[in-house]
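Just follow the structure's listing: the first ligand is 1, and inside any ligand the first atom is 1. Below, all heavy atoms of this structure are taken into account, side chains as well, without hydrogens, waters or symmetry copies. Just so we're clear, the structure is a prediction, and the values are computed from it rather than from any experiment.
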Amino acid sequence: MNTCLAPCPVVFDLDGTLIDSAPDIHAAVNAVLRAQHTAPLTLDQVRSFIGGGVDLLWRRVIAATDLPVEAHRDLVASFMVRYHEATALTRLYPNVAESLGVLADRGYPLGLCTNKPTGPTMAILDHFGLTRLFGAIVCGDSLPQKKPDPAPLWAAFRGLGASPDRPRGVYVGDSEFDAECAANAGVPFLLFTLGYRKSGIEDMQHTGRFDDFAQLPLLVEENVPVT
Ligand SMILES: O=C(O)COP(=O)(O)O
Ligand SMILES: [Mg+2]
């Protein structure tokens, strides 16, 4: 039973969960491809590459083009120059800001655990005025490990004061990386069904699911009781 003596921490994924960032990532990818005189990829293609961090994103982009594998490091470097500014096309999903505010007002410590690098993550959080809501922020370059390794998620819970041996709380995400990470960490997983998952909902291990952030505060209360 996942019980806490006070409101349990709630840790969130970022891309495809709190924000629809695929349009900005798509634009930055195609700007790099254009500079390489390579045909652009579609938004659906790039959206399907998001979730495992920038290195994996570019391994997948290279595999979808005729670019040489050896170009990976230079392509990532060119992309990162653009990625830091990539906020113009990104949107919060509906009711995200309201839902985070309700959870914070009810005393739930909020954290972030994303495979996105620190620079673009902080640029996005600052852009939307969300930074102050999170007591712990773990990014793709914060640790040697990325999701679905449990280490980043454990780090986020520890940053919110949860005991390192048994982090109590709940993880909210959209992708297979998140579901597997929560399972590896032994933490209940709440699946946002309108994110970037490629699997069927029934094929993803989850404790609860939602398609509107307005539903989240009640779902958290149902899955993270306070005793
Ligand atoms: O793949 C990324 O870079 C970010 O993905 P995440 O925020 O869903 O972890
Ligand atoms: Mg995600």
| field | Sub-6.0 Å ring centroid separation between Phe213 and Tyr93 | value | no
| said: Thr114 versus ligand 1: do any nitrogen or oxygen atoms come within less than 3.5 Å of each other? | reply: yes
All N/O donor-acceptor pairs, side-chain side in residues 198-205, below 3.5 Å, sequence neighbours left out:
unit_1: Lys198; atom_1: NZ; unit_2: Ser48; atom_2: O; d: 2.8
unit_1: Ser199; atom_1: OG; unit_2: Glu176; atom_2: OE2; d: 2.8
unit_1: Glu202; atom_1: OE2; unit_2: Arg209; atom_2: NH1; d: 3.4
unit_1: Glu202; atom_1: OE2; unit_2: Arg209; atom_2: NH2; d: 3.3

| Polar contact flag for Asp178 and ligand 1 (N/O pairs, less than 3.5 Å) | no
| So, the side chain of Gln45 versus the backbone of Thr42: is there a donor-acceptor pair under 3.5 Å, distance only? | yes
| request: Run the ring-centre check on Phe12 versus Tyr171 and record whether the distance is less than 6.0 Å. | output: no
| field | Cut-off under 2.8 Å, centre the Mg ion (ligand 2), protein N/O/S atoms | value | Asp13 OD2, Asp15 O, Asp174 OD1
| said: Taking 4.0 angstrom as the limit and counting only heavy atoms of Asp13, give me the atoms of ligand 1 inside it, by number and element. | reply: 6 (P), 7 (O), 8 (O), 9 (O)
| Is Asn115 reaching over with its side chain to a backbone N or O of Lys146, donor-acceptor style, under 3.5 angstrom? | no
| task | Pull out every atom of ligand 1 sitting under 4.0 Å from any heavy atom of Lys116, numbered as shown with elements. | result | 2 (C), 3 (O), 4 (C)
| request: Consider every N or O of Gly53 and every N or O of ligand 1, then say whether any pair is closer than 3.5 Å. | output: yes
| said: Looking at ligand 1, would Gly51 count as a contact under a 4.0 Å heavy-atom criterion? | reply: yes
| message | Donor-acceptor pair, distance only, cut-off 3.5 Å: does the side chain of Thr65 make one with the backbone of Ile62? | response | yes
| query | Can you list the ligand 1 atoms lying under 4.0 Å from a non-hydrogen atom of Leu14? | reply | 7 (O)
| query | Can an N or O of Gly52 be found at a distance shorter than 3.5 Å from an N or O of ligand 1? | reply | yes
| message | Using every non-hydrogen atom in the two residues, find where Ala136 and Leu160 come nearest and quote the distance to one decimal. | response | N-CD2, 3.7 Å
| Considering only heavy atoms from C-beta outward, does the side chain of Ser21 approach that of Tyr196 to under 4.5 Å? | yes
| task | Say whether, by atom type as modelled, one donor and one acceptor occur between the side chain of His26 and the main chain of Leu41 under 3.5 angstrom. | result | yes
| Pair Asp178-Ser175, side-chain donor/acceptor within less than 3.5 Å | yes
| task | Report, in ascending order of atom number, the atoms of ligand 1 lying under 4.0 Å from any heavy atom of Asn115. | result | 2 (C), 3 (O), 4 (C), 6 (P), 9 (O)
| query | Checking side-chain contact (heavy atoms from CB on, under 4.5 Å) for the pair Arg106/Leu103: CA distance, chi angles, key distance, verdict? | reply | CA-CA 5 Å; Arg106 292 180 181 174; Leu103 289 168; 5.6 Å; no
| task | Considering only non-hydrogen protein atoms, determine which one is nearest to atom 4 (C) of ligand 1 and report residue, atom name and distance to 0.1 Å. | result | Asp15 OD2, 3.0 Å
